[in-house]
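First up is the structure itself, then whatever we jot down about it.
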Amino acid sequence: MKARLFLSLLSTLWLLLAQPASAAAPPAPVLPESLAASAELVYGERDGFWEKTLLVRFPTVRRALSTSDGLVDARAALNHAAHPLLWGKLGAAGKAYSESVRDALADRLGLARVAVAQMATAADMDNLAVVTRSHGPLTVTVLATAGARSNAIRTGVDSGGHIEGLDEDDKPAGTINILVLSNIALSDAALARALITVTEGKTAALEDLKVASTYTPGVQATGTGTDSIIVVSGTAAPRATYTGGHSRIGELIGKATHAAVIEALGKQNGYFLPGAKRFPDAVAGPAKAAGDLRIALLHLDPVPGDIAGNRARIEAGIRAAARQGADWVVTPELAETGYNFVKRVGTGWIAPFPDAWMHTLAAIARDNGIALFVGFAERKKGSGTLHNSVAAIDRAGTILGAYRKQRPVGRAEAWSVAGGDGKPFTVDGIQVGTLICADAWRPDTAAQLAGRGAQILLSPANWPPVEGMGPGDVWEQRSRETGLPLIAVNRGGKEPELDFSTGVSAVSVDGQRLFSFSAPAGGIFYVDWDRRQRFREVRP
């Protein structure tokens with residue numbers, strides 16, 4: 001029973017990954033001097049998979065309470081993260097592996113193994129959150145990692161199927177791990193009461209983020225099934241014997257935990273408080289006619305392989321579009337990656353859809369009331385196949401799904417698999433069909449979407465106007481054949497392999513090109529649409 005539960009959890013633990021590991025490791029956390037502790041991040045590899053360990057050391061013995069180890073006279077505490085697939089490969093040996101990591105670090109530091117408190121997780125340590133709260137002589141720092149998209153539960157509602165000693169001892173690694181450091185001395189009773197305060201802060205964070213149970217849809221989660229906590233006493237006065245919410249030290253523990261869990265879940269899973277990602281700029285665009293939709297064409301200049309940079313460019317473009325009153329935002333094909341990205345960064349970093357960044361975009365869509373159509377590299381959940389895709393997100397922040405390119409082209413797209421038949425997405429009550437670049441080359445895909453009720457076609461592209469390669473009048477032909485307006489969102493800029501600087505974005509209706517847009521270094525263009533056949537160019 002336990003083995004089956006473990007494997008089931010591991011099959012979805014991919015969702016814990018928020019983003020690929022950074023090319024440059026983030027700096028080690030700097031802890032307040034009053035804590036008399038130091039922190040470092042230890043990076044390694046096992047069987048081709050990453051390992052990342054947060055190690056916190058103390059110059060003298062500290063009393064600590066760990067949900068994994070009980071009461072510990074600690075000289076160090078660690079939170080060990082490993083790639084979800086490594087945990088899957090280890091299976092029932094995962095617990096022994098975790099202990100071996102602790103033992104190796106203890107030996108390296110010349111410490112007794114029982115003097116090291118430990119936790120383990122599949123959440124990426126690069127997404128560590130560090131929050132400090134202070135008041136007068138009191139200081140508390142919380143270091144948290146968190147993932148809640150595959151194992152969130154509501155205690156008192158959801159079932160637990162494991163009975164220790166009757167099933168294999170292969171408990172999966174923790175998903176919300178919280179390390180609490182206090183500068184003042186805490187009694188054993190205070191350490192125990194702190195576990196309640198930490199749990200209350202964590203649960204409040206999940207409630208504020210509206211994290212639902214993985215197992216009972218629509219029910220608020222209170223934690224995950226495998227959370228861990230370590231609370232470490234300090235040595236300074238005044239000594240505390242109580243850490244509940246009515247005490248100042250308890251207040252600091254609760255507030256620091258709440259903030260750290262929110263930050264960690266944002267980094268790891270793309271959970272954000274309502275309004276937390278809202279752009280503060282006032283809408284200042286030209287007025288729209290009643291009932292019109294303003295569509296922003298992000299004619300960007302993605303840099304091949306610069307995933308973080310391209311994501312930032314897309315978010316900046318969305319912000320600019322929101323400021324101009326846009327209702328829909330459409331990016332080019334592979335706006336997240338650039339076109340020839342594989343030779344630069346490979347495909348191993350691509351997380352199953354929807355990953356944390358996609359959830360970040362969903363929060364942006366929700367908080368700005370704006371619908372998004374974003375070109376990205378997709379790893380299909382379950383099968384693991386790779387696709388050149390466009391994600392659709394509505395104004396409520398609902399991730400509607402992904403359209404997968406049906407005609408990957410040449411060596412540059414050999415990493416991807418052709419998608420199946422596409423279906424329109426319903427956005428603002430409109431059936432929106434999607435074509436990715438070469439999908440518009442022949443009439444069948446557009447006809448298929450029209451036959452399934454599409455009312456408009458959006459065509460994100462990376463299409464340089466090169467002789468013999470198109471696009472020529474392809475977009476006009478598809479609009480004439482289907483009777484549907486077609487908006488092509490191309491790109492600018494150059495990659496060493498292709499020059500997109502003269503690429504054109506266009507709006508076509510009934511076989512005629514109404515508008516063409518081009519920006520050698522990238523730009524944003526706007527049109528207002530009456531939801532039928534009329535378009536009007538908008539100049540900010």
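Of the inter-residue distances, the one linking Ser247 atom OG with Tyr242 atom OH reads 6.0 Å to the nearest 0.5 angstrom. In this structure, His387 NE2 and Ile436 CD1 are separated by 10.5 Å, a value rounded to the nearest 0.5 Å. Atom CZ of residue Arg154 and atom OG of residue Ser213 lie 9.0 Å apart, to the nearest 0.5 angstrom.
A donor-acceptor pair is defined here as one N or O able to donate and one able to accept, closer than 3.5 Å; such a pair exists between the side chain of Arg149 and the backbone of Asn269. Between the side chain of Asn183 and the backbone N or O of Ser34, no donor-acceptor pair lies under 3.5 Å.
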Go through the steps to decide whether Asn79 and Thr145 satisfy the test side-chain hydrogen bond (donor to acceptor under 3.5 Å, both in side chains), and finish with yes or no. CA-CA 9 Å; Asn79 185 7; Thr145 54; 3.0 Å; yes
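Using a 4.0 Å cut-off between charged nitrogen and carboxylate oxygen, Glu40 and Arg108 count as a salt-bridge pair. Salt bridge Lys267/Glu263: present, at least one basic N to carboxylate O contact under 4.0 Å. A salt bridge is defined here as a Lys NZ or Arg NE, NH1 or NH2 lying under 4.0 Å from an Asp or Glu carboxylate O, and Glu251 with Arg133 fails to meet this definition. Classification of Arg344 and Glu497 as a salt-bridged pair holds, one side-chain N sitting under 4.0 Å from a carboxylate O. Contact check on Lys405 versus Glu413 returns a salt bridge, with a Lys/Arg side-chain nitrogen under 4.0 Å from an Asp/Glu carboxylate oxygen. Using a 4.0 Å cut-off between charged nitrogen and carboxylate oxygen, Asp306 and Arg313 count as a salt-bridge pair.
Relative ring orientation between Phe341 and Trp349 is described as perpendicular, the plane-to-plane angle rising above 60° on a 0-90° scale split at 30° and 60°.
Of the N and O atoms on the side chains of Asp126 and Tyr43, at least one donor lies less than 3.5 Å from an acceptor on the other residue. No side-chain donor-acceptor contact under 3.5 Å links Asp124 and His83. Judged purely by distance below 3.5 Å, without hydrogens or angles, the side chains of Thr243 and Thr197 never pair a donor atom with an acceptor atom. A donor-acceptor contact closer than 3.5 angstrom links the side chains of Thr141 and Thr132.
In this structure Asp188 satisfies the side chain to side chain donor-acceptor pair (under 3.5 Å) test together with Arg63, sequence neighbours excluded. Residues satisfying the side chain to side chain donor-acceptor pair (under 3.5 Å) criterion with Asp367, sequence neighbours excluded, are absent altogether.
Ring to ring, Phe376 and Phe353 are close: their centroids are under 6.0 angstrom apart. Between Trp87 and Tyr97, a ring centre-to-centre spacing shorter than 6.0 Å is recorded.
Among pairs with a residue in residues 212-223, none fulfils salt bridge (charged side-chain N to carboxylate O under 4.0 Å, His left out), at least two apart in sequence or across chains.
When Met125, Met119, Glu51 are each tested for a side chain to side chain contact (heavy atoms under 4.5 Å, CB included) with His80, only one passes: Glu51.
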